Amino acid sequence: MIKIKNLHKSFGTLEVLKGIDLDISQGEVTVIMGPSGSGKSTLLRCINRLEEITSGTVIVDGQDIMDKNTNINMIRTEAGMVFQQFNLFPHKTTLENVTLGPLKVRKMSRPDAEKLGRQLLEKVGLADKADTYPDHLSGGQKQRVAIARSLALRPKAMLFDEPTSALDPELVGEVLEVMKQLGREGMTMVVVTHEMGFAREVADRVIFMDDGVIVEENTPKEIFSNPQNPRTQGFLKSIL
Amino acid sequence: MGFDFKYSVMWESVPTLLVGMKLTILITIFGLVIGFVLGALTGLLKIARNPLSRKLAGVYIESIRGTPIMVQVMFIYFGLPMALGMRIHPMAAGVVAIAVNSGAYIAEIVRGAFQSIETGQTEAGRSIGLTHFQTMYYIIWPQALKRMIPPLGNQFIISLKDTSLLVVVGVGELTRTGQEIIAANFRAFEVWLTVALMYLVMTLSLSRLLNYFERKMDINK
């Protein structure tokens, strides 16, 4: 589903990703952990080309994202992105946020788009908030709308960039619940998060990054109970 | 020899002044419509990726902001025709002056409003597969427009008042009409007071109108 080979990314003289190799197969849930500045968000953002890669290849759904013949807008609809800061469109209602992609990108008819939008809002538990503007929603509700907005394009994979980091602790659960359900339904997911409970319960694999490289990867059970690398051990100790 | 204030002079001058006021309004409307288009385009050029377009926009904005509008008006009316070898109608010169002048300030307003929209909004738009243009049109522009309204209102009022400078090229707008009435009746106090009140009526109406739009666009009330 997603193949990354020898990916390098620099911002000016600062090399943030120093050769990443990663294969994510269909239906797999991958959690990426690591200290801040380790490059995990940048890695995620390279997958749908929100960041231009410096060198290496990224292949999403069989298409090289840097290839001239690849329509990057179509790649982005196949790999939905959920942001730490939600980034809902404040001038549009919840339903309009969700239907914009289907209407303008998928060229769906308005009744079909709205039907799909309402279904997805129901799926994330917000059917009654369809006509509400984002400013009137809690953080947890906003993030659930953002997930519905991405799902509205029927993506083959979902990328989550610290989706619960900006939330009050009591609101984290409702977002993780939606994500767990997605994982159980077989969605391919790449999740940058420090939520160990989520990783334990849903992840097929946990990747630990530090200083621009993948330091260690294993099943959640193995990596949490028996981390091999000293950097992983140190990090896990610090977040427990 | 006390000053003898005559209300009647004010009333009597109103019909003639209204003719000038109509011209003031016309120049303001045409000048600002063109100025807004010019400003919006220049503002977008100023934040474009192409360095040449940024440079061009910068030169235009800086040269207009850095010179007095009076000089701009005279340059357009007296200067340009000499170089181009053709006469220019005073009204046209007035509209062009207001458009070119307001355009430079509006460009900065547009640029500021666009840049104030968080990059996350663009990223969210792009991440659901919208093109750059669609993201601008559906996501950034509506939010930026809302933030532009207060400073735009300010600029509209400034431009409206700036039309009084067109007196130097002989456009028969409100100020010029006032001057002409005074030349005949010598009642400077009453006539200038009436002229001032008429400008005030126009600027206050404009503020009201803009407030109305601002409230209408405020979705979160």
Side-chain angles (χ1 to χ4, degrees), chain A residues 41 44-45 47-51 71-93 96-108 131-137 142-143 145-155 157-161 166, chain B residues 36 40 43-44 47-51 53-54 106 109-153 209-221:
Chain A
S41 286
L44 202 65
R45 293 162 59 86
I47 296 175
N48 69 350
R49 219 174 136 188
L50 279 183
E51 301 290 353
N71 181 345
I72 189 63
N73 297 319
M74 288 304 115
I75 297 277
R76 287 178 178 145
T77 64
E78 298 302 346
M81 181 93 163
V82 174
F83 301 89
Q84 184 178 358
Q85 298 296 338
F86 332 124
N87 297 344
L88 290 183
F89 308 132
H91 59 303
K92 294 190 173 292
T93 63
E96 288 167 345
N97 264 274
V98 179
T99 55
L100 187 66
L103 284 172
K104 302 301 171 193
V105 181
R106 295 283 193 234
K107 313 286 182 201
M108 215 181 259
D131 300 317
T132 308
Y133 284 95
D135 281 4
H136 294 274
L137 298 177
K142 282 182 196 172
Q143 197 57 298
V145 174
I147 293 171
R149 177 175 68 180
S150 283
L151 290 175
L153 292 143
R154 300 277 184 227
M158 288 281 283
L159 313 173
F160 292 86
D161 188 4
Chain B
F36 183 74
L44 295 181
I47 47 176
R49 262 173 251 163
N50 183 338
S53 68
R54 285 206 302 267
I106 290 171
I109 292 169
V110 170
R111 179 184 67 84
F114 267 77
Q115 287 181 335
S116 76
I117 307 295
E118 302 71 25
T119 51
Q121 290 290 310
T122 309
E123 291 185 349
R126 299 310 301 274
S127 78
I128 58 169
L130 296 176
T131 63
H132 176 72
F133 179 80
Q134 286 177 317
T135 306
M136 282 291 155
Y137 187 79
Y138 295 112
I139 311 297
I140 310 300
W141 178 254
Q143 296 184 59
L145 192 62
K146 193 180 147 197
R147 292 190 193 177
M148 276 178 222
I149 290 183
L152 272 183
L209 191 69
L210 287 155
N211 278 336
Y212 168 77
F213 278 121
E214 199 175 350
R215 256 180 291 120
K216 214 177 143 189
M217 286 184 80
D218 188 8
I219 47 175
N220 298 314
K221 55 179 185 283

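Throughout, a chain's letter reflects where its sequence line sits, starting with A, and its residues are numbered from 1. Since the model is a prediction, treat every value here as computed from it, not as a measurement.
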Problem set entry | Segment of B:E123 engaging chain A (4.5 angstrom heavy-atom cut-off) | both
Exercise. Are A:F83 and B:S127 side-chain neighbours, meaning at least one heavy-atom pair lies under 4.5 Å?
Worked result: yes
For this session: First locate atom NE2 of A:H91, then atom CD1 of B:I139, and finally report the distance between them rounded to the nearest 0.5 Å.
Result: 5.0 Å
Seminar exercise, completed: One should read off an interatomic distance between B:I128 CD1 and A:N97 CG, to the nearest 0.5 angstrom, of 8.0 Å
Exercise. What part of A:I75 lies closer than 4.5 angstrom to a heavy atom of chain B: side chain, backbone, both or neither?
Worked result: neither
Problem set entry | Under 4.5 Å from any heavy atom of chain B - which part of A:R49 | neither
Exercise. With chain A, which of B:G129, B:G125, B:P142 has the greatest number of heavy-atom pairs at distances under 4.5 Å?
Worked result: B:G129
Exercise. Can you tell which of B:Q134, B:E118, B:R126 has the highest number of heavy-atom pairs within less than 4.5 Å of chain A?
Worked result: B:R126
Seminar exercise, completed: From the list A:L88, A:N48, A:I72, the residue making the most non-hydrogen contacts under 4.5 Å with chain B is A:L88
Exercise. Are A:V105 and B:L130 close enough, and set up right, to give a side-chain contact (heavy atoms from CB on, under 4.5 Å), and what steps lead you there?
Worked result: CA-CA 6 Å; A:V105 181; B:L130 296 176; 3.7 Å; yes
